[in-house]
Number of protein chains: 2
Amino acid sequence: MEKQIATTLFESLASGVRLDVFRLLVKNAPEGLVAGEIALALELPATNLSFHLKALTQSNLITVVQEGRYQRYRANLELMQELIAYLTAECCTGQAELCFDAQLVPECCSN
Amino acid sequence: MEKQIATTLFESLASGVRLDVFRLLVKNAPEGLVAGEIALALELPATNLSFHLKALTQSNLITVVQEGRYQRYRANLELMQELIAYLTAECCTGQAELCFDAQLVPECCSN
DNA sequence: TTAACACTTCAATAATTGTTGAATAGTTAA
DNA sequence: TTAACTATTCAACAATTATTGAAGTGTTAA
């Protein structure tokens with residue numbers, strides 16, 4: 001994963017609202033939720049939620065498909081996996097023995 | 001890990017400069033680097049680096065100890081571990097089978 | 001075909017974050 | 001003690017992000 005992608009993902013997760021949205025969608029995987037259900041669950045104004053959904057969608061952390069007049073959002077678990085892998089590599093670089101899951105990253109980066 | 005802590009950590013990692021600083025300190029664990037060495041390596045004005053070091057220190061992602069007139073910074077790898085564990089839990093909630101069946105080995109340290 | 005519905009976009013504004021030079025505080029060497 | 005050194009804080013400003021009501025787009029049901 002490129003550094004620029006990683007910072008965008010961290011930026012997406014750096015807001016309490018967006019983290020709540022993502023966690024809610026993970027809980028409701030794989031069927032996801034439509035925007036109105038998210039707004040109801042998190043008690044957010046539609047317009048504000050829409051702002052954060054757009055940010056999450058643009059970072060690719062969630063996906064959206066239209067269903068009639070609804071928009072259905074889903075968590076992108078594969079990308080989250082990749083982010084965890086990136087973070088694990090960052091954590092272990094040059095210090096694999098200090099990380100508890102070191103065996104998940106057999107070839108730590110050396111530069 | 002509490003949500004509020006997690007968002008603070010993501011916020012810390014959401015800046016390219018701060019991510020560079022953290023990765024540099026991970027590479028130089030466990031001895032760490034003094035502020036001037038970081039500034040030299042990343043070609044940053046001291047005042048700007050200081051701003052980001054403060055943010056990283058306040059989020060506890062790095063630590064600092066005084067050494068004479070130098071300030072030595074170190075990556076907090078234990079906290080990074082906790083963050084990875086939090087993210088893993090978020091990713092897998094209700095969907096454990098979708099996580100960790102794929103190979104987690106990342107492409108090493110691209111920019 | 002009209003009205004209600006679901007959601008987003010727009011525009012205005014508020015709030016937060018990032019950057020820089022100048023000033024400051026503490027440390028060490030002459 | 002004085003001067004150089006290391007790094008941070010301060011103040012000013014620039015840039016980005018967040019929030020909200022009003023308006024707009026597309027969809028469905030009556």
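Labels below follow one simple rule: chain letters A, B, ... track the order of the sequence lines, proteins then strands, and each chain is numbered from 1. The figures here come from the full heavy-atom set of this structure, side chains too, leaving out hydrogens, waters and symmetry mates.
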In whole angstrom, give the distance that lies between atom [atom1] of [X] and atom [atom2] of [N].
{"X": "Glu11(B)", "N": "dA18(D)", "atom1": "CD", "atom2": "P", "result": "9 Å"}
{"X": "Gln58(B)", "N": "dT9(D)", "atom1": "CD", "atom2": "P", "result": "9 Å"}
{"X": "Leu42(B)", "N": "dT19(C)", "atom1": "CG", "atom2": "P", "result": "13 Å"}
{"X": "Gln66(B)", "N": "dC5(D)", "atom1": "CD", "atom2": "P", "result": "19 Å"}
{"X": "Leu53(A)", "N": "dC7(C)", "atom1": "CG", "atom2": "C1'", "result": "10 Å"}
{"X": "Phe10(B)", "N": "dT17(D)", "atom1": "CZ", "atom2": "C1'", "result": "19 Å"}
{"X": "Tyr73(A)", "N": "dC7(C)", "atom1": "OH", "atom2": "P", "result": "8 Å"}
{"X": "Glu43(B)", "N": "dT19(C)", "atom1": "CD", "atom2": "P", "result": "15 Å"}

Check: Thr47(A) side chain, dT9(C) base, donor-acceptor under 3.5 Å | yes

Of the listed nucleotides ([options]), which one gets closest to any side-chain atom of [X]?
{"X": "Ser50(A)", "options": "dG18(C), dA18(D), dT9(C)", "answer": "dT9(C)"}
{"X": "Arg69(A)", "options": "dT8(C), dT8(D), dA6(C)", "answer": "dA6(C)"}
{"X": "Lys54(A)", "options": "dT8(C), dT9(C), dT19(C)", "answer": "dT9(C)"}

Give [X] one of three labels, base, sugar-phosphate or nothing, depending on what nucleic acid heavy atoms sit under 4.0 Å from its own.
{"X": "Ala46(A)", "answer": "base"}
{"X": "Tyr70(B)", "answer": "sugar-phosphate"}
{"X": "Arg18(A)", "answer": "sugar-phosphate"}

Would you please classify the geometry between the Tyr86(A) ring and the Phe10(A) ring as parallel, tilted or perpendicular, with 30° and 60° separating the classes?
-> tilted

Quick one: does Glu37(A)'s side chain have a donor or acceptor within less than 3.5 Å of a partner on Val34(A)'s backbone?
-> yes

Do any N or O atoms from the side chain of Glu82(B) and from the backbone of Ile84(B) form a donor-acceptor pair under 3.5 angstrom?
-> no

Could you check Glu37(B) against Leu49(A) and say which one's nearest nucleotide on DNA chain D is further toward the 5' end?
-> Glu37(B)

Indicate the atoms forming the closest heavy-atom contact of Ser15(B) with His52(B), along with that distance.
-> OG-CE1, 3.9 Å

Taking only N and O in the side chain of His52(A), is any of them less than 4.0 Å away from OP1 or OP2 of dT19(D)?
-> yes

Can you find a pair of side-chain heavy atoms, one from Leu13(B) and one from Leu83(B), that are under 4.5 Å apart?
-> yes

